[in-house]
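Reading through the structure tokens given below for one structure.
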Amino acid sequence: MTVPYKISYFLIFFTIPLMGAFLLLFIRFLFLENKHHIRNYNHNGDNNNNNRNNKRFKKYFILSIFLYTSAIIGFIFTLSSFSSWNYLPIELTTIGSIIILLFYTFYQLIIQFEVERKKKVFKVRKNKNKKYFIQSPPSFNNGIILNGNNKEEDYDQSNIKENILLESLNSQSYVNEEEQEQQEEEEEEDGNGEEGIEYYHNENKSFYNYNNQIDPKLSFLERCKKRIVYFIKDIIETIKFKPKLSITLIVISLFISIMIPVLLNDVCICSHPMNVSTSFTRKLFQDSYCKNGEICFLYLTLPKDPSTSMILQIHTFNKPSNIIIKITKDRNQNRNEEKQQQQQQQQQQQQQQQQQQQQQQKQREEEEEEEEEEEIVISRFNFISMSKIIKDYPRYISYIDLNGLIENTNYSFKVNITSKEIKGGNQVLNSYDGVNEFKFKTFSNQSDSIVKFVSGGDIVINKDSKDLAKHASNNFNPDFIVVGGDVVYEDGIGSCYRRWDEKLSFFNTFFNLKNNNNNNNNNNNNNNNNNNNNNNNNNNNNNNNNNNNNISSLFLKPILLSIGNHEAGAFYQTHKQVPFYFKYFLFELDGFKDGIDENRNSYHIHRIAPHTSITSLDSCVVSTWKQQTQWLDNQWSKEEFNNTSKLVVYHHPIYPAWNLDGLIPESGRDAMVPLFDRFKVPFVLENHEHLFRRTKPLKANKIIEDSLNSTTISTTPTSTKTNISQGTYYVGSGSFGISPTNTIPSNNDGSLPWYLAKRSYCNHLWYVTASKKEILVEAFAPNGDKIDKINYIKN
């Protein structure tokens with residue numbers, strides 16, 4: 001298991017100020033030597049040098065306060081992030097923050113008031129001879145007597161006193177009580193008649209002389225205990241010396257130590273683009289995608305057999321008490337599709353046959369109107385709470401299995417969700433995105449059917465990704481959408497839930513077709529038309545309709561995903577380190593009762609047509625390649641998949657863009673290539689590398705020469721025709737808006753490794769059209785230019 005990216009992020013936040021603190025220690029060692037500026041004091045009375053040293057020390061002091069404070073806050077920030085990800089409880093983080101900041105405050109107070117407090121050791125009095133006498137501890141060699149008139153120019157009284165003080169502070173001994181009392185008695189016996197001399201007993205003999213006061217023969221634990229006791233004494237004496245200032249700073253430290261974990265609670269750091277937020281900033285500055293009393297998100301995921309079922313997932317703020325789905329056949333849309341098919345036939349037949357077909361169609365329509373409309377009512381649902389992951393507000397995800405459907409049929413449905421949490425009890429939630437009616441179409445189960453989808457990975461929402469999505473929706477009109485991992489870059493951090501909200505909103509905006517009241521028929525025709533010419537015309541109507549605010553229905557396109565490393569925070573992770581992927585996207589509901597299986601497979605297979613299937617694999621994010629080989633062999637050997645053209649999608653490539661090195665590519669080729677070759681996989685959709693890349697046709701880790709001889713190269717794009725038994729194309733490689741440039745790939749790039757046909761940094765989507773006879777794969781750039789094309793002819 002590798003270290004998750006989220007830990008690396010916050011270690012950086014802590015390490016940078018910590019390195020600054022260590023740099024400060026290095027500077028002190030080289031230039032200042034002593035943090036109190038005592039050892040460098042000039043005893044020869046060079047005041048100019050002293051002034052320069054004092055200025056230098058002042059700058060150092062300000063820098064030290066800044067860097068030490070940054071290091072401590074960085075450390076608390078790291079602890080707070082760990083509590084946000086449930087590594088540490090927030091209570092423990094808060095207690096640790098209080099201890100660290102209070103210790104730092106006490107330490108700084110003791111350091112700042114050390115000299116002032118030490119001055120209490122000395123007393124300056126007049127004796128009967130009118131001389132000033134400065135009494136120092138016995139460790140100082142001699143007292144100094146000054147002339148009473150205090151007019152000598154050669155002496156600076158304050159400097160001499162400071163000189164005595166500094167030498168005393170640097171002494172390696174201290175005055176104990178017995179020695180001080182003995183000295184006082186000797187002075188009284190001498191009878192020198194010194195009146196008014198007072199000796200001050202140092203009440204804090206332990207101050208920064210721990211090494212001298214602690215017996216080195218004591219055990220380590222006992223020495224630690226004594227150090228703690230002496231430090232507590234220093235704290236008490238410092239508070240007594242400056243009570244108001246000390247108490248004020250302590251209160252401020254307590255406030256900051258509590259507020260830092262609170263303000264940094266549920267911290268989120270996500271990449272591409274880099275963004276930092278906390279629960280506090282999200283609530284204060286960002287609008288929520290999920291609001292009270294409304295449906296937050298509603299979308300379809302691709303089931304194992306989309307010809308007879310779909311999986312509906314609904315996000316709500318309120319806990320659902322009941323959900324009723326009423327599904328009906330969308331007769332208007334079915335009729336319009338039949339009319340289109342008839343129109344195509346009419347262009348090839350005589351006028352007399354056209355009239356007969358029109359009469360038959362009218363009779364069929366009249367019969368259908370007389371028939372009672374069939375309605376499917378589904379009230380069974382399951383839901384989970386995301387409260388352990390999303391802590392800013394409630395979030396519930398409901399799962400509904402739309403089963404018992406007829407293949408190649410348009411359906412419309414309405415959702416009725418009630419919740420007891422809304423005021424009044426059992427109130428109905430408002431519509432999603434202003435829409436009350438939703439539509440979809442089941443896939444065809446006919447052998448001559450055509451299925452279309454778009455594929456990309458590593459999504460970043462920007463102009464390029466929006467242009468790619470618009471072009472795909474308007475000009476290709478896919479039946480479903482495939483994303484090969486790194487969907488949101490939340491890096492397995494639960495507090496980064498908004499990234500998923502943004503991408504769900506992105507899918508809804510650009511791939512789900514919005515229909516208005518006036519042009520339902522035109523839009524419905526557009527959803528499932530297999531004729532390319534008609535598609536272009538109908539999609540122009542769809543553009544106008546999308547801009548119409550009078551939306552009556554939303555045509556949903558199913559989503560198919562593969563797990564990427566940024567869904568888990570790194571490769572080789574566990575299910576527990578994937579907070580959203582396994583909850584937001586279910587691709588089968590078998591055995592689903594009161595909850596979802598946290599350890600269910602991260603790989604799945606789908607029969608999208610009688611002639612084509614697509615398998616989503618895990619490229620060592622949660623499951624290794626080897627763990628999937630037996631399952632994949634069993635699935636492809638089954639009767640329902642054995643005779644299909646087998647497409648594959650996953651995240652990390654096994655034929656990377658630069659070289660073949662790396663644990664994941666090497667283990668992937670060892671485990672998967674034999675299966676791909678044995679079951680004649682024509683295309684593998686890879687991602688992760690943030691660029692455009694396509695291999696030559698490969699088999700047994702070698703180029704298929706026969707297919708190269710049949711390749712016809714024209715101007716951009718290249719058209720390649722090959723037989724189904726001749727190798728596998730590995731295309732990708734994950735650049736749905738994340739690439740910084742859009743460079744059109746060249747056909748004659750001499751720097752490519754032996755297995756690559758093209759490579760460039762270019763954002764793109766792959767358009768896949770699969771039929772019984774061939775599979776057409778095309779790549780399009782954000783400006784709509786076709787940058788690659790492969791026409792795979794079957795036997």
For Q577 and T574: C-alpha separation, side-chain torsions, deciding distance, then whether side chain to side chain donor-acceptor pair (under 3.5 Å) applies. CA-CA 5 Å; Q577 292 169 302; T574 65; 3.3 Å; yes

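- Here the side chain of T769 pairs no donor or acceptor atom with the backbone of K452 at under 3.5 angstrom.
- Here the CG atom belonging to N742 is positioned 4.5 Å from the SG atom belonging to C762, to the nearest 0.5 angstrom.
- Here L263 pairs with M259, F280 under the side-chain contact (heavy atoms from CB on, under 4.5 Å) rule; sequence neighbours left out.
- Every ring-ring contact (aromatic ring centres under 6.0 Å, His included) that F480 has, sequence neighbours left out, goes to F443, F453.
- For residues 454-490, no pair satisfies disulfide (SG to SG under 2.5 Å), with sequence neighbours left out.
- At distances below 3.5 Å, not a single donor-acceptor pair connects side-chain atoms of Q628 with backbone N or O atoms of K626.
- In this structure, the separation between CG on L302 and CD1 on I614 is 8.0 Å, given to the nearest 0.5 Å.
- Contacts of H604 classified as ring-ring contact (aromatic ring centres under 6.0 Å, His included), with partners at least two apart in sequence or in another chain: F587, H606.
- Take N508 and apply the side-chain hydrogen bond (donor to acceptor under 3.5 Å, both in side chains) test, not counting sequence neighbours, and it matches Y432, D433, N512.
- The environment of NZ in K503 is crowded: more than 12 heavy-atom neighbours from other residues, nucleotides or ligands sit within 6.0 Å.
- Judged by distance alone, the side chain of Q313 and the main-chain N or O of L586 form a donor-acceptor pair under 3.5 Å.
- Ring planes of Y730 and Y655: tilted class, angle from 30 to 60°.
- A search for salt bridge (charged side-chain N to carboxylate O under 4.0 Å, His left out) contacts involving R693 returns E686, E689, not counting sequence neighbours.
- Looking at D491, its side chain never comes within 3.5 Å of a backbone N or O of I493 through a donor-acceptor pair.
- Side-chain rings of W766 and F692 approach one another, their centers coming within less than 6.0 Å.
- Here the CG atom belonging to L298 is positioned 8.0 Å from the CG atom belonging to L554, to the nearest 0.5 angstrom.
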Give the C-alpha distance, both sets of side-chain angles, the deciding distance and a yes or no for side-chain contact (heavy atoms from CB on, under 4.5 Å) between L429 and I422. CA-CA 9 Å; L429 271 65; I422 304 177; 3.5 Å; yes

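- For the residue pair S419/N318, the side-chain donor-acceptor check at 3.5 Å is not satisfied.
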Intermediate values then yes/no, salt bridge (Lys or Arg N to Asp or Glu O under 4.0 Å), E421 and K319: CA-CA 7 Å; E421 295 182 349; K319 182 179 179 179; over 6 Å; no

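- No side-chain donor-acceptor contact under 3.5 Å links N322 to the backbone of T418.
- Applying the disulfide (SG to SG under 2.5 Å) definition to pairs two or more places apart or across chains, those involving residues 474-506 are C268-C496.
- The closest donor-acceptor contact from the side chain of S97 to the backbone of S257 lies under 3.5 Å.
- Between K466 and I461, some side-chain heavy-atom pair lies under the 4.5 Å cut-off.
- Rounded to the nearest 0.5 angstrom, I417 CD1 and I400 CD1 are separated by 6.5 Å.
- Residues meeting the side-chain hydrogen bond (donor to acceptor under 3.5 Å, both in side chains) test with Y767, sequence neighbours left out: H471.
- Classified by interplanar angle (parallel below 30°, tilted 30° to 60°, perpendicular above 60°), the ring pair Y584/H315 is perpendicular.
- At least one side-chain heavy atom of Y299 sits less than 4.5 Å from a side-chain heavy atom of F297.
- The side-chain heavy atoms of L513 and S473, taken from C-beta on, include a pair separated by under 4.5 Å.
- With hydrogens and angles disregarded, a donor-acceptor distance shorter than 3.5 Å links the side chain of E567 to the backbone of D486.
- To the nearest 0.5 angstrom, H764 atom NE2 is 11.5 Å from R694 atom CZ.
- Checking D785 against N783 by side-chain atom types alone, a donor-acceptor pair falls below 3.5 Å.
- A salt bridge is absent between E588 and K304; no separation between the charged side-chain nitrogens and carboxylate oxygens falls under 4.0 Å.
- Taking the six-membered ring where the residue is Trp, Y761 and W658 present tilted rings, their angle falling between 30° and 60°.
- The shortest distance between side-chain heavy atoms of F506 and V488 does not fall below 4.5 Å.
- Counting only heavy atoms from C-beta outward, the side chains of I269 and M274 approach each other to under 4.5 Å.
- In this structure, the side-chain contact (heavy atoms from CB on, under 4.5 Å) partners of I559, at least two apart in sequence or on a different chain, are F507, L561, F585.
- For R282, the salt bridge (charged side-chain N to carboxylate O under 4.0 Å, His left out) test picks out D392, with sequence neighbours left out.
- By the side-chain contact (heavy atoms from CB on, under 4.5 Å) test, P665 pairs with H652, P656, R669, sequence neighbours left out.
- Atom CD1 of I378 sits about 9.0 Å away from atom CG of L312, to the nearest 0.5 Å.
- Of the possible donor and acceptor atoms, one in the side chain of N687 sits under 3.5 Å from a partner among the backbone N and O of Y650.
- In this structure, the side-chain contact (heavy atoms from CB on, under 4.5 Å) partners of Y393, at least two apart in sequence or on a different chain, are S288, C290, F317, R395, Y497, D501.
- K758 has its side chain within reach of D788: a pair of non-hydrogen atoms, C-beta onward, lies under 4.5 Å apart.
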